[in-house]
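Okay, structure first, notes after.
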Amino acid sequence: MPELPEVETTLRGISAHVLNTPITRITIRNPKLRWPVPDELASLLQQQITKITRRAKYLLLSTDKGTIIIHLGMSGSLRIVDSGTTYDKHDHVEFCFANGNALRLKDPRRFGAVLWTNESIDEHPLLSHLGPEPLSDEFNSELLFALSRNKTVAIKQFIMNSKIVVGIGNIYANEALFASGINPKRAVGKISKKRYEQLCIEIKRILEKAISQGGTTLKDFVGGTGKPGYFKQELLVYGRKGLPCMQCKSPLKEIRQGNRSTVYCTHCQT
DNA sequence: AAAGACACCTGTCCGC
DNA sequence: TGCGGACAGGTGTCTT
């Protein structure tokens with residue numbers, strides 16, 4: 001589920017419900033996530049979450065005694081429920097708060113993670129080698145152009161590489177390349193500055209649009225039944241293999257790159 | 001050094 | 001309707 005817009009939407013949806021209220025209980029129902037959920041989380045009892053930020057797709061919940069790092073993996077979601085609400089089969093970790101709210105991580109595939117660190121967050125091994133945020137000014141065509149000279153890697157894998165830029169998952173890589181008219185297989189060293197300018201514009205535009213739409217379903221993060229918003233109706237290539245291109249009507253092609261599906265238009269993307 | 005394969009896990013969908 | 005197999009929004013790590 002979670003691409004960057006959903007992680008950002010999650011951050012916005014949960015913040016008000018868990019900030020500045022003491023953590024009264026931490027329940028680890030299943031510690032077997034991507035990495036074992038550390039027992040040291042217990043040191044956060046009675047601490048308050050003072051701020052929540054996001055770096056790439058990691059959510060960072062700050063307290064005076066360290067930071068909780070949460071990643072949603074492929075199938076994870078965070079939800080606010082009343083403390084005491086019946087658990088779902090896949091609710092693995094729960095933080096209860098003095099205000100009566102509980103923050104629950106549900107993750108059927110368990111590719112997600114809940115970690116804790118005491119140290120400077122930028123020095124954490126998972127975060128220290130990450131490229132810039134896609135919505136920051138630091139992510140721009142000059143950067144992509146400079147990093148791509150004399151390289152042969154395919155553009156799709158390049159923009160999905162978190163050392164180059166973070167937060168661009170499979171859906172938005174496909175969509176941004178279609179919007180930019182760039183063939184996903186094109187070698188990065190053979191892409192002009194001009195085309196990188198367009199690509200950066202489209203990446204930012206699409207991510208921002210998705211975030212703004214996610215924002216319309218914030219209420220769904222509270223309570224038991226809602227699902228995070230999705231934007232299937234906005235997607236022009238992802239999941240549309242064989243269907244007509246929205247621009248030229250020729251059937252979209254699917255290939256695999258780095259074990260991920262790529263859908264594109266052989267006419268419009270060159 | 002860089003590219004590719006693989007690992008982690010459950011749920012869902014498709015074809016027979 | 002049932003069943004096996006492919007595949008899924010991520011990403012760190014191991015192998016070429």
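Lettering of chains follows the sequences in order, A, B, ..., and the numbering in each one begins at 1.
Counting to the nearest Å, the C1' atom of C/dA8 and the OH atom of A/Y238 are 6 Å from each other. If you measure from atom CD1 of A/I69 to atom C1' of C/dT11, you get 15 Å, rounded to the nearest angstrom. For the pair A/R110 CZ and C/dG12 P, the interatomic distance rounds to 19 Å; values are reported in whole Å.
For A/S75, no side-chain nitrogen or oxygen approaches OP1 or OP2 of C/dA8 to under 4.0 Å.
For the residue pair A/T266 and A/K253, no side-chain donor N or O sits within less than 3.5 Å of a side-chain acceptor on the partner.
Across all strands shown, A/K89 has heavy atoms under 4.0 Å from sugar-phosphate atoms exclusively, and none from any base. Here A/G258 lies out of heavy-atom contact (under 4.0 Å) with every strand. When heavy atoms are screened at a 4.0 angstrom cut-off, A/K32 is found touching no nucleic acid atom at all. The residue A/L126 sits close only to the backbone: its heavy atoms come under 4.0 Å of sugar-phosphate atoms, none of a base. Nucleic acid contact for A/R34: base, since at least one base atom lies under 4.0 Å from a heavy atom of the residue. Contact annotation for A/Y58: backbone-only contact, meaning every heavy-atom pair under 4.0 Å involves sugar-phosphate atoms and none involves a base.
Nucleotides C/dC14 and B/dC9 place their P atoms 16 Å apart, quoted to the nearest Å. For the P atom pair drawn from B/dA5 and C/dC7, the interatomic distance equals 14 Å after rounding to whole Å. Spacing between B/dG11 and C/dT1 at atom P, rounded to whole Å, works out to 22 Å.
No side-chain heavy atom of A/K106 sits under 4.5 Å from any side-chain heavy atom of A/K89.
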Derivation and outcome, side chain to side chain donor-acceptor pair (under 3.5 Å), residues A/S180 and A/E202
CA-CA 7 Å; A/S180 312; A/E202 298 297 346; 5.4 Å; no
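Note that CZ of A/R104 is 11.5 Å distant from OG of A/S77, once rounded to the nearest 0.5 Å.
The side chain of A/M160 has C/dG10 as its nearest neighbour among B/dC6, C/dC7, C/dG10. Comparing C/dA8, B/dA3, B/dG4 by their nearest atom to the side chain of A/Q157 picks out B/dG4.
Between the A/N101 side chain and the A/H17 main chain, a donor and an acceptor come within less than 3.5 Å of each other.
One N or O donor and one acceptor, one from the side chain of A/R109 and one from the base of B/dC9, sit under 3.5 Å apart.
With a cut-off of 3.5 Å on both Watson-Crick or G-U wobble distances, the partner of B/dC9 is given as none.
Stacking here means ring centres nearer than 5.5 Å and ring planes tilted less than 30 degrees, and by that measure A/F111 stacks onto B/dC8.
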